[in-house]
2 protein chains.
Amino acid sequence: MGVSEFDLDALESLIKPRRPVQRNEHLYRAGDRLTSIYAVRSGSIKTYSLTNDGREQITGFHLPGELIGLDAINDNAHPCSAKALETSSVCEMPFEQLESLAMRIPGLQHQLFRIMSRELKSDEQFMTLLGKKNADERLASFLVGLSNRFKERGYSATEFNLSMSRNDIANYLGLAVETVSRLFSRLQSDGIIEVDRKLINVTDLEQLHKIAGTSCDKALNRTG
Amino acid sequence: MGVSEFDLDALESLIKPRRPVQRNEHLYRAGDRLTSIYAVRSGSIKTYSLTNDGREQITGFHLPGELIGLDAINDNAHPCSAKALETSSVCEMPFEQLESLAMRIPGLQHQLFRIMSRELKSDEQFMTLLGKKNADERLASFLVGLSNRFKERGYSATEFNLSMSRNDIANYLGLAVETVSRLFSRLQSDGIIEVDRKLINVTDLEQLHKIAGTSCDKALNRTG
DNA sequence: CGCTGCTTTGAACAACTTCAACTTCTGTGG
DNA sequence: CCACAGAAGTTGAAGTTGTTCAAAGCAGCG
C-alpha cells in the first residue's frame, strides 16, 4: 500500500543499476525531454517549477521508494526540475521500456496506474492543505506526513532529520520563511517537538496530529 | 493534446452508453468502492472532498472530454465525491474492463498514462496557484483556464457561462466568497470582463492573462 | 578569525477574512 | 401572476493572520 517496495525492487533489477546523485545535483530540469522515470532509492529529492516571475515553487519532497517524473508523460517533457537535497541514489527507468514491460508483465500496468493514482490523491489532499489550512495546521500536517513516511520505511516516526531548508519548507507550504521559523519555535515551546537545527524530535505526536487535522477551535481538545 | 476526444469516442463505443446526470446528482461519493471511471460528455461535474471538520474542499471542475475517478485506483475507493453542476451526461467505463483493454489495445495504455500524467501536471500548477498567487491572480488564472478549456472544445474563449456558484469558485480558489465577489466587481469596473450573473464576457483577454501570469509589480506592464 | 548563508526574532504593514447588512435572484404556492 | 421565503450575491467596515522589512544570532568553512 505504501511504497510497493517489492515491485520496485523487481523493476530495478529488470532495468538499470542505481545511480548516485550528489547534493544539489539535478536529475532533470524543467523542459528536458522525458527519457526516464526515476525511483528514489536513498536520500531525498525535491521537485520544483518556476513561476512566471521566476520564483521557485516546490511541488514535492521525495523519499526512497517514490517515483518521480510521471508528470512528464503527457508532453514528453518534464514540467518540473528535480534536484537532490542530499547525497542520494536513484534507479533510472527508461520510460519506453517501462511502458512496453507494462504491456507484458501482469500486474505492472496496474501497479503503475496505482502509483499515479496515489499521487493524484495526495495532490488533492495537498490542495486542501493549501486551500483550507492555516499556518499551524500546514506545518503540523507536513511533520505528520514526514513522520508517517519515515515510519513506513522502517525509520523512527518521532525522530528524524529534515533534509530540506526552512526556506524549502516554507516555499512548499505556501508560507514565508519567518512564519515557519516562528512555528517551529512555538511547537517547541508548547512541548510538542524538540528542534535542534535539522533534527526533529516529536515528543507529542498525538497533539501534532490534532493540530494537523485542522485544529478546530484552536484549543478545543486539551484533555480529549 | 487537449482532450483526445478521438480516443474517448472510440472507448465510449467499446464500453457503455452515455448516462444522463441531473444537477446536484452524485456520480459517486467519497468512500464508494471504485467500479468505474467516468468521462464527462456534456455539462460539468465538480469533485470535492471534506476536511476533517466537515467543510467542503472542491478539487476540480470537469468539462466534457475529461476523465474523473482516476484518483480512486490506488485504494479501490473514491477519495472524493463527484456531483453534477448542471444537467450533464457521462460515459461510464468499468475500470477493470478498461485495464484489460489497455493490455490489449495498442495505444490505450499510453493514452491512460498520458491522461493521468496531464492531471498530475495540472495539479502541480494548481499548487503553485494556491501557494504563490494572490487573490487577483487566482481569479484571473481561473478565468483564463476556463477560457482555454472552452476554446479547446470549440466554444467561445471570451463569452461563457459559469456553471458553478461564486461559493464554489471561492472554495476552489481558497478564498472567501466575499473576496471573489469583490474581484468580479473590480475586474468589471477595470473593463476587463463584463459580468451578468453567471455569464462572463471577457473584453480584455490579454490583460486577464497578464494578471493571471502573476501581475509582477501590479502595474509593471501598462504598455508592454 | 571572519566571512557567508541560513535561521530566528521583533515590529509595522497589507491582504484577506469575518461579520453584518442589504440587494437580487429563484422557485413555490396561494 | 404575484407574493413571499430562502438562497445566492454584493458591499462596507472591522479584525486577524500572515507577510514584509529590518536586524541580530549562529553554524559551517575557507
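Every chain is numbered from 1 and lettered A, B, ... according to where its sequence line falls, protein lines coming before strand lines.
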**Item:** Distance in angstrom units between B:Leu199 CG and C:dC25 P, rounded
**Value:** 14 Å
**Asked** Can B:Arg41 and B:Glu66 be counted as an ion pair, charged N to O under 4.0 angstrom?
**Response** no
**Message:** Main chain of B:Leu130, side chain of B:Arg138: is a donor-acceptor contact present, judged purely on distance under 3.5 Å?
**Reply:** yes
**Asked** Please give, in whole Å, the distance from D:dG25 C1' to A:Asp196 CG?
**Response** 15 Å
**Request:** Only pairs at least two apart or in different chains count here, so list each salt bridge (charged side-chain N to carboxylate O under 4.0 Å, His left out) that has a residue in residues 162-178 of chain A.
**Result:** A:Lys46-A:Asp168
**Crowding at CZ, B:Arg19 (>12 non-hydrogen neighbours, <6.0 Å)** = yes
**Request:** Keeping the roles fixed (side chain from B:Asn74, backbone from A:Ser117), state whether a donor-acceptor pair exists under 3.5 Å.
**Result:** no
**Request:** Quickly work out the B:Leu175 CG to D:dT17 P distance and round it to whole Å.
**Result:** 18 Å
**Request:** Please determine if A:Asp75 and B:Lys121 form a salt bridge, counting it only when a charged side-chain N lies under 4.0 Å from a carboxylate O.
**Result:** yes
**Item:** Gap between atoms CG and C1', on B:Asn134 and D:dT20 respectively (whole Å)
**Value:** 15 Å
**Item:** Axis deviation across the helix from C:dC1-D:dG30 to C:dG30-D:dC1, five-pair ends, to the nearest 10°
**Value:** 30°
**Residue that, paired with B:Lys83, satisfies side chain to side chain contact (heavy atoms under 4.5 Å, CB included) out of B:Glu25, B:Arg23, B:His26** = B:His26
**Atom-to-atom span, CG of A:Leu187 to C1' of C:dT8 - whole angstrom** = 15 Å
**Asked** Separation of A:Arg186 atom CZ from D:dT17 atom C1', in whole Å?
**Response** 11 Å
**Request:** Compute the centroid of each ring, for A:Tyr172 and then for A:Phe126, and state whether the two points are separated by less than 6.0 Å.
**Result:** yes
**Request:** Give the B/S/- string for nucleotides 4-14 of chain D, one per nucleotide from 5' to 3', where a protein heavy atom under 4.0 Å of the base yields B, of only the sugar-phosphate yields S, and otherwise -.
**Result:** -----SBBBB-
**Fill in**
Taken to the nearest whole Å, CG/A:Leu183 to C1'/C:dT8 is 13 Å
